[in-house]
2 protein chains.
Amino acid sequence: MADHSADQEAWASALHSHGRRVTKQRLAVLAAVQHNPHSPAEGILAAARKDLPELTAQSVYVVLSDLTDLQMLRRFEPPHSPALYETRVGDNHHHAVCISCGRVEDVDCAVGHAPCLTPHWDEHSKPMTIQIADVLYQGICQDCQAKQQLPTQTQVTTK
Amino acid sequence: MADHSADQEAWASALHSHGRRVTKQRLAVLAAVQHNPHSPAEGILAAARKDLPELTAQSVYVVLSDLTDLQMLRRFEPPHSPALYETRVGDNHHHAVCISCGRVEDVDCAVGHAPCLTPHWDEHSKPMTIQIADVLYQGICQDCQAKQQLPTQTQVTTK
DNA sequence: GCACTTATTATGAGTCCTTCACAATAAGGC
DNA sequence: GCCTTATTGTGAAGGACTCATAATAAGTGC
């Protein structure tokens, strides 16, 4: 167990710099997200309640969305899954999710700091000024590959 | 109004090839998605009901998810939005959403057929076998840029 | 340190999107 | 045309998240 108070102070000053009050709820949520990256609100609630049992789910939702707006947290929504949160922000990394078990891995940007930031628009579309390019990789993690020694590797979606 | 029956037959044979029965509900949903790309289930229901008023929302959900599994439709979920559907499948294109108005544009793949398909894993992650790489661009479309001649271009999220 | 103001949190209910269980219907093979 | 069974319709339920309001407590000034 490393020096928690150092983290606490870092979070506190970050909150201050955004004009937010430093509450134990926010610190608990931040710590929970830090120690459980890629967790949904429910998981963050469970983790934070170990330190702060009276914390409510609604507070977690409020805190998470506020801190996400402040860019102190990053939120992403894999298909068929509730939103996941992480403290790793500002480094333009991406995510890979296992379509079998749902496990999530971070993927560093392969193309520098702004991957694929120059879309080639198709004919009929009105271009946009792109600010973010999120890449979501989907595949099968090694664990799941080992478990299901697939008989056929082609799609077996014939119902 | 082009030749609808041609489309109908194409959908019908596609359904057959997947072992599905050809029903007016499925055809209505497929036509609705084709004519309203990037529509949510509710919008597809509304569009399909113009041809088939007795169609129910639940049927639309069932049909959409089944056809998505069959890869006859493609589904994607922008942040803070219900799932959107389109008939353009198998061409590995991506999407750009306007963070202001929610408008969605197709973006052709900038890097050939498999963009960014070779993630650089960070140190601690177990690599996965990547099958899909979805890119979600977020920005501001021209219309919204024109409407809000932003006074400050930095973030005004100080509440 | 002690009020006081107001941001935050807790409480409770409500919304939206989607799915489930089961009965009614109809597509397609015979 | 009939029969089997996939599909659809009906009605209700579930999960994830948000909203309105009251209670609480951070941070400010005295």
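In what follows, every chain begins at residue 1, and chains take the letters A, B, ... in the order their sequences are listed. Heavy atoms only: backbone and side chains are in, while hydrogens, waters and symmetry mates are out.
In this structure a side-chain-to-backbone donor-acceptor pair under 3.5 Å is present from A/S65 to A/Y61. Judged by distance alone, with hydrogens and angles left aside, the side-chain atoms of A/T68 form a donor-acceptor pair with the main-chain N or O of A/L64 at under 3.5 Å.
Straight-line distance from the CG atom of B/L70 to the C1' atom of D/dA6: 13 Å, rounded to whole Å. The distance from atom OH of A/Y85 to atom P of D/dA16 is 12 Å, rounded to the nearest whole Å. The nearest whole Å value for the distance from the CG atom in A/L84 to the P atom in D/dA16 is 11 Å. Straight-line distance from the CD atom of A/E77 to the C1' atom of C/dC17: 13 Å, rounded to whole Å. In this structure, CZ of B/R26 is placed 11 Å from P of C/dA27, rounded to the nearest angstrom. Atom P of nucleotide D/dT7 and atom CG of B/D66 are separated by 7 Å, given to the nearest angstrom.
A/M72 contributes atom CE, which lies 4.0 Å from atom CG of A/L15 (distance to the nearest 0.5 angstrom).
Under the 4.5 Å side-chain criterion, counting only non-hydrogen atoms from C-beta, A/H93 is in contact with A/H95. Residues A/V104 and A/L84 form a side-chain contact, since some pair of their non-hydrogen atoms from C-beta on lies under 4.5 Å apart.
Mapping A/V62 and A/Q58 onto DNA chain C by nearest heavy atom places A/V62 at the nucleotide closer to the 5' end.
No salt bridge links A/K24 with A/D51; every basic N to acidic carboxylate O contact stays at or beyond 4.0 Å.
OP1 or OP2 of C/dT18 has at least one side-chain nitrogen or oxygen of B/Y61 nearer than 4.0 Å.
Taking every heavy atom of both residues into account, B/A47 and B/A32 meet most closely at CB-CB, 3.8 Å. For the pair B/D143 and B/R103, the tightest heavy-atom approach, listed with the atom from each and the gap, is OD2-NH1, 3.7 Å.
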List, with names and distances, any nitrogen or oxygen atoms from the protein found under 3.5 Å away from nitrogen or oxygen atoms belonging to nucleotides 26-30 of chain D.
| residue | atom | partner | partner atom | Å |
| --- | --- | --- | --- | --- |
| D/dA26 | N3 | A/R21 | NH1 | 3.0 |
| D/dG27 | OP1 | A/H16 | NE2 | 3.4 |
| D/dG27 | OP1 | A/V22 | N | 2.8 |

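Contact check of residues 33-57 of chain A against DNA chain C (heavy atom, cut-off under 4.0 Å) returns A/E54, A/L55, A/T56.
By the salt bridge (Lys or Arg N to Asp or Glu O under 4.0 Å) test, B/E77 pairs with B/R75, sequence neighbours left out.
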